[in-house]
Engineer: 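Let me give you the structure first, and then I'll get to my questions.
As the structure is a prediction and not an experimental result, all values here were calculated from the model. Quick note on labels: first sequence line is chain A, next is B, and so on, each numbered from 1.
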Amino acid sequence: MRGFDDDDKPLLLGRRVSPGIKIVVVIAVSIALMMLDNAHDSLSPIRGTLAVALQPVQIAAEMPGDVVDYLGQYFDRGELISDNDALSQQVMLLKARLQKLAALEAENERIRALLASAKALDQNVLIARILSVTPDPYQHYIKLNKGSADGVFVGQALIDANGIMGQVTDVTPLDARAILITDSNHGIPVEINRTGLQTIAQGTGKSDALRLPFLANNADIEADDLLVSSGLGERYPAGYPVARVAHVAHQPGEEFLDVVAEPTAHLNQGREVLLVWTSDSASEPPPQDGLTTDGAKPSSMEADAAGAQ
Amino acid sequence: MIIHNHVSGLLIGSTLAVGLMLSLLPLAHPWAMLRPEFYPATVLFWVLMQPLRVGVGVAWCSGIVIDVLYSTPFAEHGLALAVAAYVVIKLRELLWTFPVWQQALLLTPVFIAYEFVLFWIDGVAGVDVNQWGRWLPIATTVLIWPLLASILERIGELEVG
């Protein structure tokens, strides 16, 4: 077999550069880029542009799954009908509960006013579709079809019908990436609903387990306790269910309990998620005053009204 | 043989796009661990078969595409793929003389180098890397190589005649 002669390299800017020189340059540039990417956010415009350019490939890769879903729905009339029935029943139940909610909300507002505590903020909600789950099986990230163009911002919380799923970590103009609460690099401040005890639930890298590593041996916690978000850390809205304690074990000789909880959100099912944020969150400038401890003060009310106009 | 012929950039680009799609296809958990590295293998195939067109630089740019789609540290996969391409370039005279299934065996260290660079950078970046399953794609990529290489070669031959 004939080998190549002195010009057996690809052309670079009209010259043949040996692969040895190129690999050295590439390694140096890559390391510099990675450090830059790690230290600052300065590469995110480049990332954003490339991500938009690569959108077609992403969509094409999702297509087979979508087609199977669609055909499944198309052919399975019986399932559609039974789904429909179940959903209408659910709507009825939820509506019945909602009737009470309006009254409760008003009552809550009055009581809060009496206590002169911060007034509850309106929760904004945006529905997003899950585009893809990370192809890397060891990281729990999902990609959403809403990006900064739709008002998504880093830190926004993600919930589904059953509980908290995670938070947004990267945003490009057309899509966003979110970490799930089960990723091993993620922790969420929670409180035990029954007792109000505060702790942190860490991801384990398994999609059905969270760990509560900071509970002392005498902590009051039992299997089946509900953990709700405490809102500390100001990333997640308070009061949403996060997980249910699966088992509690006393480790002889250890100072902390070994507690495993199961997320209430259906992390690996479903295609839609809700992005929730309170009106005073990062994307919008916070009002100058008001929304503080005395929401009932006339001056701050005026400031709010002025801010709204 | 397509080594001495000029395969069009369009063909190379479209096989890369298909490889990328296969790498992105959503898979259920146990299968995702076994997914061969379709896209890197396609890039390395063209590095091997079109040395005048695809080299370290193109491999690096192709890797950055993965970084953007996976949101990994910028240029992580670029670096890994460039290193793998460099090894392929150094080994290519040897690789050309073997049939595809022997090529696959000879390429094992190349895929190991690729995964090792990723393992290293992930470790520095703070990802939990102590998962033996990380190394499974090496085996599946080596197994899929004969099939992948014959298909790509066939496509190339169809074009250049």
Side-chain angles (χ1 to χ4, degrees), chain A residues 1-4 7-12 16-17 19-23 25-27 29-38 43-44 46-51 53-54 56-58 60-65 131-139 141 143 169-170 172 177 183-185 205 207 268, chain B residues 1 3-4 17-18 20-33 35 50-60 63-76 78-80 82-83 85-87 89-90 92-93 96-97 121-122 124-129 131 133-134:
Chain A
M1 164 128 356
R2 182 170 69 88
F4 287 93
D7 56 358
D8 60 340
K9 306 140 192 142
L11 217 56
L12 180 75
R16 308 260 171 215
V17 182
I21 295 173
K22 258 199 260 176
I23 191 74
V25 172
V26 157
I27 289 175
V29 171
S30 302
I31 292 175
L33 281 173
M34 278 185 276
M35 286 166 78
L36 204 64
D37 192 25
N38 198 23
L43 289 176
S44 60
I46 307 176
R47 247 182 215 281
T49 318
L50 286 173
L54 290 168
V57 186
Q58 181 86 49
E62 301 297 327
M63 219 135 55
L131 276 184
S132 67
V133 179
T134 334
D136 184 345
Y138 305 107
Q139 291 188 15
Y141 281 89
K143 201 165 222 175
T169 55
D170 302 274
T172 70
R177 192 164 168 263
D183 188 282
S184 52
N185 282 334
S207 61
N268 40 18
Chain B
M1 287 301 265
I3 299 169
H4 298 286
V18 173
L20 194 55
M21 265 175 55
L22 289 174
S23 283
L24 284 174
L25 221 53
L27 286 180
H29 179 68
W31 301 112
M33 278 168 58
R35 185 207 308 264
Q50 291 286 296
L52 291 179
R53 325 223 25 231
V54 184
V56 171
V58 175
W60 186 69
I64 284 182
V65 168
I66 312 184
D67 289 318
V68 171
L69 289 170
Y70 283 26
S71 299
T72 41
F74 201 82
E76 176 187 4
L79 177 58
V83 169
Y86 180 73
V87 182
I89 289 169
K90 286 288 145 189
R92 66 182 176 206
E93 311 258 332
W96 286 336
T97 58
I121 298 172
D122 275 350
V124 173
V127 177
D128 180 18
V129 290
Q131 316 257 15
R134 282 185 73 93

Engineer: Checking B:V65 against chain A: side chain, backbone, both or neither under 4.5 Å from a heavy atom?
Structural biologist: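 Looking at B:V65, backbone and side chain both touch chain A.
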
Engineer: Do the side chains of A:I27 and B:Y86 get nearer than 4.5 Å, heavy atoms only?
Structural biologist: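 Result no, sub-4.5 Å side-chain heavy-atom pair not found.
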
Engineer: Measure distances from A:R47 to the heavy atoms of chain B and classify the residue's part below 4.5 Å as side chain, backbone, both or neither.
Structural biologist: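 Both parts, backbone and side chain.
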
Engineer: Any idea which of A:N185, A:T172, A:L33 has the most non-hydrogen atom pairs under 4.5 angstrom with chain B?
Structural biologist: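 Of the candidates given, the most pairs with chain B belong to A:L33.
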
Engineer: State, to 0.1 Å, how close A:M34 and B:A75 come at their nearest heavy-atom pair, and which atoms those are.
Structural biologist: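 That would be CE-O, 4.3 Å.
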
Engineer: Check each atom of B:V83 against the heavy atoms of chain A and say whether the ones under 4.5 Å are side chain, backbone, both or neither.
Structural biologist: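 For B:V83, the contact with chain A is made by backbone and side chain together.
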
Engineer: Against chain A, label B:I121 side chain, backbone, both or neither, depending on which of its atoms sit under 4.5 Å from a heavy atom there.
Structural biologist: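 Contact with chain A involves the side chain of B:I121 alone.
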
Engineer: Quick check for you: among B:I64, B:L22, B:T72, B:V58, which has the greatest number of heavy-atom pairs under 4.5 Å with chain A?
Structural biologist: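 Of the candidates given, the most pairs with chain A belong to B:T72.
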
Engineer: Answer yes or no: is there a donor N or O on one side and an acceptor on the other, between the side chain of A:K143 and the main chain of B:L69, under 3.5 Å?
Structural biologist: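 Yes; at least one donor-acceptor contact below 3.5 Å.
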
Engineer: For the candidates A:I23, A:V26, A:D37, A:D170, which exhibits the highest count of non-hydrogen atom pairs separated by less than 4.5 Å from chain B?
Structural biologist: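 Ranked by contacts with chain B, first place is A:I23.
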
Engineer: Tell me, for A:L36 versus chain B, whether the close heavy atoms (under 4.5 Å) come from the side chain, the backbone, both or neither.
Structural biologist: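 Neither part, no heavy atoms under 4.5 Å.
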
Engineer: Applying side chain to side chain contact (heavy atoms under 4.5 Å, CB included), can you list everything that pairs with A:A61, at least two apart in sequence or on another chain?
Structural biologist: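 Partners of A:A61 under the side chain to side chain contact (heavy atoms under 4.5 Å, CB included) test: B:M21, B:L24.
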
Engineer: I would like to know whether B:F74 and A:L50 meet side-chain contact (heavy atoms from CB on, under 4.5 Å); could you show each step before the answer?
Structural biologist: CA-CA 12 Å; B:F74 201 82; A:L50 286 173; 4.2 Å; yes

Engineer: Between B:L79 and chain A, with a heavy-atom cut-off of 4.5 Å, which part of the residue counts as in contact: side chain, backbone, both or neither?
Structural biologist: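 Both backbone and side chain.
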
Engineer: My understanding is that only residues two or more places apart in sequence, or in another chain, count here; which of them pass side chain to side chain contact (heavy atoms under 4.5 Å, CB included) with B:D122?
Structural biologist: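 Checked B:D122 against side chain to side chain contact (heavy atoms under 4.5 Å, CB included); matches are B:E76, B:V127, B:V129, B:R134.
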
Engineer: Sort out for me which of A:S184, A:A60, A:P56, A:G48 touches chain B most, counting heavy-atom pairs under 4.5 Å.
Structural biologist: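 When all of A:S184, A:A60, A:P56, A:G48 are compared, A:A60 has the most.
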
Engineer: Minimum heavy-atom separation for A:P64 to B:L25, with atom names?
Structural biologist: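 Scanning both residues completely, I find the closest heavy atoms to be CG-CD1, 3.8 Å.
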
